[in-house]
There are 2 protein chains.
Amino acid sequence: MDRPPAKPPARRKSWRKDEIIAAAAECFMRHGYQATTVDDVAAQLQCTKGRIYHYYASKTDLFFDVHREGMNRLFAALGPAMEMEGDGVTVLEAMCLAHAEAMLEHHTFENVVAQGVHMHRFDGATAEHKATVQALIDSRDRFEEHFKDAIRRAIDDGSLRAVDVAVTAKVILGALQWTIYWYRPRKADTARSRAALARKLVDPLIEGLRAGD
Amino acid sequence: MDRPPAKPPARRKSWRKDEIIAAAAECFMRHGYQATTVDDVAAQLQCTKGRIYHYYASKTDLFFDVHREGMNRLFAALGPAMEMEGDGVTVLEAMCLAHAEAMLEHHTFENVVAQGVHMHRFDGATAEHKATVQALIDSRDRFEEHFKDAIRRAIDDGSLRAVDVAVTAKVILGALQWTIYWYRPRKADTARSRAALARKLVDPLIEGLRAGD
DNA sequence: GTCTATATGGTGATAGAC
DNA sequence: GTCTATCACCATATAGAC
């Protein structure tokens, strides 16, 4: 029996959604969610907004998908580092490096994620979106919890000073996530150059600034 | 000759502008510049927007004044710490503590400042606002330069490890400024409680996380 | 100085041709 | 599936009464 011809590998049916999400992420990053018009996103795609509304019911739904993709990329980057062998501070350092590199590499999406975090704090979501918003908040919380766990373990095994766990997690993540405000990808950027910058970012956090005697 | 009756001390003529700025800062913080309507600000003041437009030609001008006030408060808080006596790292630590406390205390205004930083990176200003925007960018740069100077001096006098000056300044300021995303003032907050939190924020930055042998 | 009423332009979303 | 045309609404800003 003839089988249907092999499909191109890994070509999902929703690749059009992916390109819409990418274009939206770019616009949301540049101008912010509110200031971005659906026409802006269409222009980025060099099409009209009819196409976008064929795949997304609203601008809000589109934002949610961008946000989700941004979180997925953060979790994907963090996973391997969490599996690293070594004492507590070694694992924490690997997590910091992985997160820093992810923030730089996926800087467009993570910029939008940060907007979402801020929006969720104040804007009461409509009833229909409530569940979606809650899922995204939960996702952020789980991410931060990974760092708190790592800090706790490192303190327990004596490889980290006994600092305030919650505040320290905020300090680490804040320092790394603030890159959205100043880092801009350049053509010459490579995985290697991002890793070098990540190294410079994480070093003062783990080793501290004060000179040893 | 009779002189006019003494005016109430320190009562400036522009106190109405101040209350408009404060109301606008609250709204901009909560919903962002774009999502805030002039009617929102008026509602916050329990008046109509006629009043606001009597003092401000546009929503943009109002935003600029909030931003300016936010920067003024940051500089005012940093000044005394920069005059501190001691070696390089002592001064840097004092600056960090002062900045952290200012970010917490003026959290509403500094939230808006961060929005401004982000906006300026992408939104081409209209010709009429160009000079104003440039002045605010310069002001941000000068603020960061104070930290870079302090880091350089501390490295020179041997009290700080030889870290990357520019990146370390970003790490420090990022960690402290990220508070806008998670800190919320509470009724029970005092200068003392803010100072305690600032201490917890600055400690891991200056001393580092890894346990000494 | 503050209000009400309104002009004006833009934006999210829809309907229907192709 | 993508486009064109359009509607309905909302927000900035102004004009003019009080």
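A note on names: the letters A, B, ... follow the listed sequences, proteins ahead of strands, and every chain is numbered from 1. Bear in mind the structure is a predicted one, so any value in this text is a computation, not a measurement.
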Apply the ring pair (Phe, Tyr, Trp, His ring centres under 6.0 Å) test between B/His67 and each candidate in B/His120, B/His129, B/His118; give the one that qualifies. B/His120
Quick one: ring-ring contact (aromatic ring centres under 6.0 Å, His included) partners of B/Tyr53, sequence neighbours excluded? none
Once ring-ring contact (aromatic ring centres under 6.0 Å, His included) is applied, do any residues pair with A/His54, and if so which ones, sequence neighbours excluded? none
Atom-to-atom span, CG of B/Asp61 to P of D/dT12 - whole angstrom: 14 Å
What's the CD1-P distance between B/Ile52 and D/dT12, to the nearest Å? 10 Å
Once side-chain hydrogen bond (donor to acceptor under 3.5 Å, both in side chains) is applied, do any residues pair with [X], and if so which ones, sequence neighbours excluded?
X	value
B/Gln34	none
A/Thr90	A/Asp87
A/Thr37	A/Asp40
B/Tyr181	A/Tyr181

Nucleic acid contacts of residues 40-48 of chain B, taken as heavy-atom distances under 4.0 Å to DNA chain C: B/Cys47, B/Thr48
B/Arg51 has a side chain; which of D/dG1, C/dT2, C/dG12 sits nearest to it? C/dT2
Could you pull out every donor-acceptor pair under 3.5 Å between side chains of residues 130-142 of chain B and any protein atom, sequence neighbours left out?
unit_1	atom_1	unit_2	atom_2	d
B/Gln134	NE2	B/Asp138	OD1	3.0

Every protein N/O lying under 3.5 Å from an N/O of nucleotides 13-18 of chain C:
unit_1	atom_1	unit_2	atom_2	d
C/dA13	OP2	A/Tyr53	OH	3.1
C/dA13	OP2	A/Lys59	N	3.0
C/dA13	N6	A/Lys49	NZ	2.8

Listing, residues 24-32 of chain B side-chain donor-acceptor contacts under 3.5 Å, not counting sequence neighbours, or none:
unit_1	atom_1	unit_2	atom_2	d
B/Glu26	OE2	B/Arg30	NH1	3.2
B/His31	ND1	A/Asp123	OD1	3.0

Would you indicate, yes or no, if C/dG12 has its OP1 or OP2 atom less than 4.0 angstrom from a side-chain nitrogen or oxygen of A/Tyr56? no
Just to confirm, is there a sub-4.0 Å distance from OP1 or OP2 of C/dT2 to any side-chain nitrogen or oxygen of B/His54? no
Taking only Lys NZ, Arg NE, NH1 and NH2, and the carboxylate oxygens of Asp or Glu, determine whether A/Arg199 and A/Glu101 approach each other closer than 4.0 Å. no
Stretch residues 26-34 of chain B: residues that reach within less than 4.0 Å of DNA chain D through a heavy atom: none
Residue pairs meeting ring-ring contact (aromatic ring centres under 6.0 Å, His included), one or both in residues 92-116 of chain A, sequence neighbours left out, come to A/His99-A/Phe143, A/His99-A/Phe147, A/His107-A/Tyr183
